[in-house]
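Each ligand, and each atom within it, is numbered from 1 in the order the structure gives. We count residues from 1, following the sequence as given. Just so you know, these numbers come straight off a predicted model, no measurement behind them. Values below: every heavy atom of this structure, side chains too, minus hydrogens, waters and symmetry copies.
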Amino acid sequence: MNVHRLRQIPSVDRLLGLEATQKLIDAFGREETVDALRDVLDAVRDEVRRGSEIPDDAALAARAGLRLEELLTPTLRPVINATGVIIHTNLGRAPLSQAAREAMDRVSQGYASLEYDLEAGERGHRTTHAERLLCRLTGAESALVVNNNAGAVLLALTAMAQDRGVIISRGQLVEIGGGFRVPDVMAQSGARLVEVGTTNRTHMYDYENAIEASDDIALILRAHHSNFRVVGFTSEPTLNELVELGKRYDLPVVDDLGSGALLDTSRFGLAHEPTVQESVETGAAVICFSGDKLLGGPQAGIIVGKAAHVDPLKSHPLTRALRPDKLCLVALQETLLHYVRGEAVDEVPVWRMMAAPLSEIAERAERWRETLRQAGVAVEIADGLSTVGGGSLPGETLPTKLVALLTPHPDRLARSLRDADPPIIARIENDQLMLDPRTVRPEEEQVLLENVEAAATLMEA
Ligand SMILES: *Cc1c(COP(=O)(O)O)cnc(C)c1O
């Protein structure tokens with residue numbers, strides 16, 4: 001019986017003769033259309049075996065059309081971040097400044113002086129553009145840019161400590177998230193992990209004993225805790241103490257700063273995140289940090305420090321494998337120029353968001369409430385907290401005003417906001433769907449409100 005019905009399923013050839021299919025071929029190409037028809041017919045065969053009826057030819061073509069549209073719908077798309085988490089790793093970390101975006105656009109249209117020295121008229125190096133600015137801003141003797149900070153740490157450890165020992169406090173054997181674990185990166189580099197101290201307390205003598213006990217220690221590593229806080233009965237030598245110890249034994253200190261701020265976060269009512277300048281001044285040999293955390297630039301790993309240690313990294317084979325592209329480098333250059341010009345707080349979005357006064361956020365929240373209320377959406381304003389995110393300043397918060405969408409089904413509303421174009425990512429707190437204006441760019445406001453209104457109205461219906 002089923003076998004008989006299976007034979008009645010149309011062939012790809014028959015469906016190709018339909019007018020609807022011809023339209024698909026025009027839009028998506030013949031090869032993709034044939035593939036889609038085959039997939040649909042395979043699925044239908046399974047359904048018929050399980051007892052379903054055979055859809056008519058027009059329905060089969062329509063199903064193939066849906067498949068093709070799905071295939072061509074981009075999955076990496078801009079979204080509106082209404083979560084209030086400023087450096088949201090899942091949402092692409094730092095938004096770029098206007099100058100950085102425009103420079104990327106200009107450089108992507110044609111050719112660029114990427115590895116060309118315009119003065120000398122000969123071959124140059126791709127990372128010199130950002131390096132000269134990095135040295136100027138941080139006071140370091142030398143700088144190098146790679147793909148991301150995980151790569152920067154891997155490169156430093158591989159080049160400086162392969163087959164040798166690296167001393168690190170047990171309190172710093174951290175997992176940053178997204179697969180970056182200090183012990184694993186160390187293993188990958190070929191360095192031998194020499195853990196000292198305990199989870200909560202590590203003393204200078206722990207480091208000293210480890211150095212005395214081994215004759216192949218290459219360096220001392222300090223890793224910033226980044227995404228967690230150690231409180232209570234805790235202690236850890238300062239970077240300064242480690243550098244002094246290093247001097248006594250002729251060992252360089254590598255400082256994985258993680259976020260790597262160039263400005264003082266305490267200006268904005270937050271705790272003080274260690275700055276790159278402080279590490280340079282303290283005398284760390286090599287300092288690694290991210291380009292897209294508190295720096296507010298593109299994804300990149302930045303290495304600065306003493307020329308004697310950083311310069312050799314530039315010619316290491318791994319460096320070639322980790323090299324950043326021209327779009328990253330031009331965005332980084334423009335981001336760094338904001339700091340050189342002293343305009344980072346106004347121009348670099350992550351700093352602008354951190355610096356936004358509560359009164360400004362409250363004004364925006366009230367404007368949102370009015371617009372939504374007039375459209376018949378039930379909203380309230382609530383006090384709340386924004387966070388910096390990106391593995392920096394754990395537990396630190398910025399007071400904010402949240403726009404709460406009053407609905408008995410916050411999950412369903414959140415889902416339909418994600419279906420909007422552009423998708424809106426909100427947060428659910430106390431069973432309420434909250435929008436934090438702090439991380440929503442002013443130019444996104446109108447489309448956000450329109451889409452919230454549409455989604456909320458749909459829920460009512
Ligand atoms: C974020 C972070 C990293 C990883 O940096 P990526 O730029 O994401 O590769 C490494 N170490 C620390 C301490 C971090 O905070």
Side-chain angles (χ1 to χ4, degrees), residues 85-96 127 130 134 143-158 160-161 166 168-189 191 193 219-230 236 239 242 253-262 265 270-276 278-279 284 286-305 313 318-319 321-325 327-329 331-332 335-336 350 387-396:
V85 181
I86 296 173
I87 304 170
H88 198 304
T89 295
N90 299 151
L91 303 183
R93 289 198 183 152
L96 296 175
T127 64
L134 283 165
L144 170 65
V145 181
V146 294
N147 252 323
N148 54 38
N149 189 35
V153 176
L154 177 67
L155 170 64
L157 294 178
T158 308
M160 298 170 73
V166 169
I168 183 167
S169 160
R170 288 198 168 88
Q172 296 172 10
L173 290 173
V174 297
E175 173 176 317
I176 306 299
F180 183 94
R181 293 173 143 199
V182 171
D184 295 350
V185 174
M186 199 148 349
Q188 194 62 42
S189 74
L193 176 63
L219 58 89
I220 300 168
L221 177 64
R222 184 184 81 146
H224 186 37
H225 296 142
S226 290
N227 51 5
F228 73 103
R229 211 148 62 168
V230 195
E236 215 170 64
L239 180 63
L242 293 181
V253 173
V254 172
D255 190 17
D256 175 12
L257 261 187
S259 200
L262 291 180
T265 46
L270 294 159
H272 175 74
E273 174 80 10
T275 66
V276 181
E278 285 159 6
S279 286
V286 170
I287 300 144
C288 304
F289 58 100
S290 294
D292 54 356
K293 291 183 179 170
L294 282 172
L295 190 76
Q299 179 188 303
I302 299 171
I303 303 176
V304 298
L313 302 181
L318 245 190
T319 305
L322 295 171
R323 80 176 185 186
D325 79 317
L327 297 182
C328 162
L329 288 168
L332 183 60
T335 305
L336 293 171
V350 295
T387 56
V388 176
S392 29
L393 300 166
E396 289 288 316

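- By the 4.0 Å heavy-atom criterion, Asp256 is counted among the residues contacting ligand 1.
- Lys293 is not listed as a side-chain neighbour of Glu273, based on a closest heavy-atom distance of 4.5 Å or more.
- Considering only heavy atoms from C-beta on, Leu262 comes within 4.5 Å of Leu336 through its side chain.
- Looking at Asp255, Asp256, Val276 one by one, the single match for side chain to side chain contact (heavy atoms under 4.5 Å, CB included) with Phe289 turns out to be Val276.
- Of the protein's non-hydrogen atoms, the one nearest atom 13 (C) of ligand 1 is Ser226 OG, 3.2 Å.
- Of the N or O atoms in Ala150, one or more lie within a sub-3.5 Å distance of an N or O in ligand 1.
- Ligand-side atoms of ligand 1 in range of Ser290: 5 (O), 6 (P), 7 (O), range being under 4.0 angstrom from any heavy atom.
- With a 4.0 Å cut-off on non-hydrogen atoms, Gln299 does not touch ligand 1 at all.
- Rounded to the nearest 0.5 Å, atoms CG (Leu322) and CG (Asn148) are 7.5 Å apart.
- Of the protein's heavy atoms, Asn149 ND2, 3.5 Å lies nearest to atom 3 (C) of ligand 1.
- Relative to atom 12 (C) of ligand 1, the option among Ala152, Ala223, Gly301, Gly258 with the closest non-hydrogen atom is Gly258.
- Residue Arg93 approaches ligand 1 through these ligand atoms, each under 4.0 Å from one of its heavy atoms: 6 (P), 7 (O), 8 (O).
- Taking 4.5 Å as the limit, some side-chain heavy atom of Arg222 sits within range of a side-chain heavy atom of Leu257.
- The Phe180 neighbourhood of ligand 1 comprises atoms 10 (C), 11 (N), with distances under 4.0 Å to a heavy atom of that residue.
- Nearest to atom 14 (C) of ligand 1 by heavy-atom distance, out of Gln172, Lys293, His224, is Lys293.
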